[in-house]
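To start, the structure under review is shown below, and the notes come after it.
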Amino acid sequence: VDYQQRRIMNFLFPDPTASYGETYNLLQAMIAIGSGGLFGQGYGHGSQVQLRFLKVRWSDFIFSSMAQEFGFVGVLLVLAVFVFVIIRILRAARMSRDTFGALICYGVATMLAFQAIVNIGVNLSLMPATGLTFPFISYGGSSLVSLAIGIGLVESVLLRQKNLNF
C-alpha cells in the first residue's frame, strides 16, 4: 500500500531534480521516447533499451522501447493495427445474434483499449505507474493468455452468427 501511495504522490508532485529512485523508470521512458525521433534508431540499436537504462523494457515500458527503436512512424503503425483490431471486434459485436455475444465483444474491445491507453499513458507520464502490459506486445504469459482467450471468445461470437451445415 505504501508503494502505491508513493507512485501517486510522485505522479502528482514529481521531483524535477530526481535522477534515481521512484521516478527513474519514468524519466528513462521519456528519454527513450524522445530519442526515437521520426523513424527511430533501428531494431536493436536503441541506447536506452540495449544499454538497459530502461529497466522494465519488456513489459511495462515496451511502448518506450518501440518508440525509441521504431520511432513515431513505427508507433503509429502499431497503434493503427490496434485500432483496426478494436474496430473489427466492435463490428463482431454489431453482427452478434444475441445480447450476450455483443457484450462479450464489447468487453474484449474495452479491455484491449484500456490496457493500451493505460500503458501508453504511463510511458508518456500522463498516468501513475501501474504495471499494466501493452496488449499482445509486452512479455507476460498470463496477459497473453487472457488476451488470446478474449479473441477466441470474439471468434466464437462471429462463428455463432452463421448457420452451420454438417
Side-chain angles (χ1 to χ4, degrees), residues 1-91 93 105-151 154:
V1 175
D2 188 41
Y3 74 93
Q4 293 171 336
Q5 290 174 345
R6 284 196 314 265
R7 282 184 178 183
I8 292 173
M9 291 305 291
N10 283 329
F11 172 71
L12 294 175
F13 308 108
D15 183 6
T17 61
S19 61
Y20 60 90
E22 306 284 335
T23 59
Y24 177 80
N25 282 331
L26 295 173
L27 178 66
Q28 296 302 320
M30 294 298 288
I31 292 170
I33 292 170
S35 65
L38 190 60
F39 296 107
Q41 297 177 356
Y43 181 68
H45 293 90
S47 58
Q48 298 300 110
V49 178
Q50 299 304 319
L51 297 177
R52 292 180 169 80
F53 288 111
L54 194 56
K55 295 295 180 199
V56 198
R57 62 196 169 279
W58 58 86
S59 63
D60 295 356
F61 295 102
I62 193 72
F63 182 80
S64 299
S65 301
M66 285 189 315
Q68 184 175 31
E69 294 187 350
F70 302 119
F72 183 69
V73 173
V75 167
L76 280 182
L77 287 173
V78 169
L79 291 179
V81 169
F82 263 92
V83 169
F84 176 74
V85 169
I86 291 171
I87 287 172
R88 295 291 291 188
I89 293 172
L90 294 175
R91 179 177 170 266
C105 294
Y106 287 132
V108 171
T110 303
M111 179 177 68
L112 279 173
F114 181 77
Q115 279 187 318
I117 289 169
V118 168
N119 188 280
I120 293 168
V122 166
N123 279 268
L124 294 175
S125 294
L126 299 175
M127 295 180 175
T130 57
L132 199 57
T133 60
F134 198 79
F136 297 115
I137 295 176
S138 292
Y139 175 82
S142 60
S143 174
L144 185 61
V145 167
S146 66
L147 292 169
I149 289 171
I151 295 296
V154 170

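Between Leu147 and Pro135, the shortest heavy-atom contact is CD1-CA, 3.5 Å. Nearest heavy atom pair, residue Cys105 against residue Ala93, reads CB-CB, 3.5 Å. The minimum heavy-atom distance linking Leu112 with Val85 is given by the pair CD1-CG1, 4.1 Å. Closest heavy-atom contact between Met111 and Ser146: CE-O, 4.2 Å. Between Gly150 and Val108, the shortest heavy-atom distance links the atoms O-CG2, 3.6 Å. Closest approach of Ala67 and Val75 over heavy atoms only: CA-CG2, 3.6 Å.
For the pair Met127/Ile117, a side-chain contact is recorded, criterion being any heavy-atom separation below 4.5 Å from C-beta on. Side chains of Phe63 and Ile137 form no contact here, defined as non-hydrogen atoms less than 4.5 Å apart. The shortest distance between side-chain heavy atoms of Val81 and Phe136 does not fall below 4.5 Å. With contacts defined as side-chain heavy-atom distances shorter than 4.5 Å, the pair Leu132/Val122 does not qualify.
Every pair passing side-chain hydrogen bond (donor to acceptor under 3.5 Å, both in side chains) that includes a residue from residues 69-80 is listed here, sequence neighbours excluded: Gln50-Glu69.
Expressed to the nearest 0.5 Å, how far CD1 of Ile89 lies from CD1 of Ile86 amounts to 6.5 Å. Interatomic distance, Ile33 CD1 to Leu124 CG, rounded to the nearest 0.5 Å: 4.5 Å. Distance CD1/Ile151 to CZ/Arg88: 11.5 Å, rounded to 0.5 Å. One distance of note links CG of Leu144 with CD1 of Ile149; it measures 10.0 Å at 0.5 Å rounding. In this structure, CZ on Phe70 lies 14.0 Å from CZ on Phe39, to the nearest 0.5 angstrom. Taken from CZ in Phe114 to CG in Asn119, the straight-line distance is 11.0 Å, to the nearest 0.5 Å.
Between Phe82 and Phe134, the ring planes lie perpendicular to each other; the angle is over 60°, past the 30° to 60° tilted range.
Thr133 and Ser143 form a side-chain donor-acceptor contact under 3.5 Å, judged by distance and modelled atom types alone.
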